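Data block below; observations after.
Here the structure is a predicted model, which means the values were calculated and not measured. Just so it is clear: chains get the letters A, B, ... in the order the sequence lines come, proteins before strands, and each one is counted from 1.
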2 protein chains.
Amino acid sequence: MRHSEGMTSEQTPTATSVLLIDDHELIRTGLARAFERDPSMTVIGQAGSVAQAMAAYNALRPDVVVTDVQLPDGTGLDIVRAIRQHNQTVGLVILTMHSGDDQIFAAMEAGASAFVGKDAPSREVVSAARHSAISPRTFLCSGLAGAMMRRATDDRPRLSEREQEVLALLAEGLGTGALAGKLYMSESTAKTHIAKIYQKLGATNRAQALVTAMRLGLLSSVNP
Amino acid sequence: MRHSEGMTSEQTPTATSVLLIDDHELIRTGLARAFERDPSMTVIGQAGSVAQAMAAYNALRPDVVVTDVQLPDGTGLDIVRAIRQHNQTVGLVILTMHSGDDQIFAAMEAGASAFVGKDAPSREVVSAARHSAISPRTFLCSGLAGAMMRRATDDRPRLSEREQEVLALLAEGLGTGALAGKLYMSESTAKTHIAKIYQKLGATNRAQALVTAMRLGLLSSVNP
DNA sequence: GGGCGGATAGCCCGTTCGGGCTATGCCGAA
DNA sequence: TTCGGCATAGCCCGAACGGGCTATCCGCCC
């Protein structure tokens, strides 16, 4: 293990131990610096590859592992999966450049505790690490809120009350007739509403309408 | 403002100030107790309703507001929306009994910083509050990881490669013919695949299939 | 008072769906 | 080798869908 120089000053005996993984020396150092500022956290090791990371993890058994996604011999997700498989209580923080939705999703599925973009302030990484130590099975995600906000600041089409009701039933796979029955309207009316929904969502059929609606979060109130 | 007794001992001058909102005295007290254990946090006020909460917020300007969802005169989401509209930096933690997916989503959209179930250990609430003060626009969610894990440990139907391709095109609203063309298969084959997808997802039409697929995260890789 | 958006409702008609059922070829696991 | 899963492909047919177009009634806002 080459990268074990990250030993900072001795902290409180209960300090949370952290293992940093990134293939850039510079970033590791920057992170270590950030962690130094929090007396409750101690960086006990660093690694620059998946292989090194696994070795360091097994040797050091840190409370939290903070890892980049892209590494020379694999990805941070591999590390997360490997570690999570055997340890449900360690904090696993994914650090990444590209915070696409898929990545976030993949991180969750791999068993990460948190997902932080590299554009986030470093104190956020520290905070995420601390939180992940406390509750490793809570998912924390910087950037997600941003995506949501972009959505909430809204140029989304606004569906009327009735249209939302219709949409909700469409989502359950009901046919025009059944839907109309449930809402006490004629089939014609239902069709009109549906057509209006298509128009507002830029859809030409149920499939498109529902996918668009879900992507835009217009179906948030529905739970079968 | 009746509920302003929550004044705990004086902390470090930079302690994070917290406003607790819940209509149950008992829960407020329990939370206050939990916060007392963290020297970096100070509960500076409590409230039992939306009206009280808004008054308390305006009077006290806390760093973090921790609120229940259900309140006698409205919901915690109303509070979050009202506050977030004018303040992008305050931490807004939603506390709830029922951590359904909709609720989580609604909380994000309202502008909450974190979402914590009442079944979570109280230290998690404190940790969430602390993190929300540091990065209010990061979304933190206990239970989401759990939901993801349930999903990852997977009794989800598994779609074959081809079926996923078909599903992706269905999501774009393509008809059977167009879809078949794009995948270089006959319309009959496309129909067979679609029928198989319906079968695996328990759907009887495109609408149901797509909604189910999205709910199960089977369309995560699609991003037009 | 007139316009506008929403909810209601109807009709026509060509297109598409969805279900059922069969069949072949391929591959890998049992 | 046989069985199962997958991909391919075809046929039939009734039901549902989607588009277009018109129309009335209500409430709200200017």
When the distance from [atom1] of [X] to [atom2] of [N] is rounded to whole Å, what number comes out?
X	N	atom1	atom2	answer
R158(A)	dG6(C)	CZ	C1'	14 Å
H193(B)	dC17(C)	NE2	P	16 Å
Q164(B)	dG5(D)	CD	P	18 Å
I194(A)	dC17(D)	CD1	P	7 Å
I197(B)	dG5(D)	CD1	P	17 Å
L170(B)	dC17(D)	CG	P	16 Å
L159(A)	dA7(C)	CG	C1'	15 Å
L201(B)	dG18(C)	CG	C1'	15 Å

Do [X] and [Y] have a side chain donor and acceptor closer than 3.5 Å?
X	Y	answer
Q164(B)	S160(B)	no
S186(A)	T189(A)	yes
S17(A)	D63(A)	yes
R206(B)	T176(B)	yes
R84(A)	T89(A)	no
R61(A)	N58(A)	yes

Exercise for review: Look at all strands and tell whether T192(B) reaches a base, only sugar-phosphate, or nothing, counting heavy atoms closer than 4.0 Å.
Suggested key: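 Base contact.
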Practice item. For S160(A), report the nucleic acid contact type (base, sugar-phosphate, nothing); a contact means any heavy atom under 4.0 Å. Key: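 The answer is sugar-phosphate, as S160(A) gets under 4.0 Å only of primed atoms, P, OP1 or OP2.
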Review point. Can you list, by residue number, the residues of residues 176-187 of chain A that have a non-hydrogen atom closer than 4.0 angstrom to DNA chain D?
Key: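 Per residue number, the list reads T176(A).
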With the side chain of [X] defined as its heavy atoms from C-beta on, choose the nearest nucleotide among [options].
X	options	value
E161(A)	dA9(C), dT8(D), dA7(C)	dA7(C)
S188(B)	dA9(C), dA7(C), dG10(D)	dG10(D)
T204(B)	dT8(D), dG18(D), dG19(C)	dG19(C)
K191(B)	dA7(C), dA7(D), dG18(C)	dG18(C)
R206(B)	dA9(C), dC17(C), dG18(D)	dC17(C)
Y198(A)	dT8(C), dA9(D), dG18(D)	dG18(D)

Review point. What are the two closest non-hydrogen atoms of A133(A) and V64(A), and how far apart are they?
Key: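 For A133(A) versus V64(A), the nearest heavy atoms are CB-CG2, 3.5 Å.
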Point to revise | N/O (side chain, K200(B)) to phosphate O (OP1/OP2, dC6(D)) under 4.0 Å | key: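 Checking dC6(D) against K200(B), a side-chain N or O does come within under 4.0 Å of OP1 or OP2.
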Practice item. May I ask you to test the Y57(A)-I79(A) pair for a side-chain heavy-atom distance under 4.5 Å? Key: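 Answer no - side chains too far apart.
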Check your understanding: On a plain distance test, is the side chain of K196(A) in donor-acceptor contact with the base of dG5(C) below 3.5 Å?
Key ->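 Such a pair does not exist between side chain and base.
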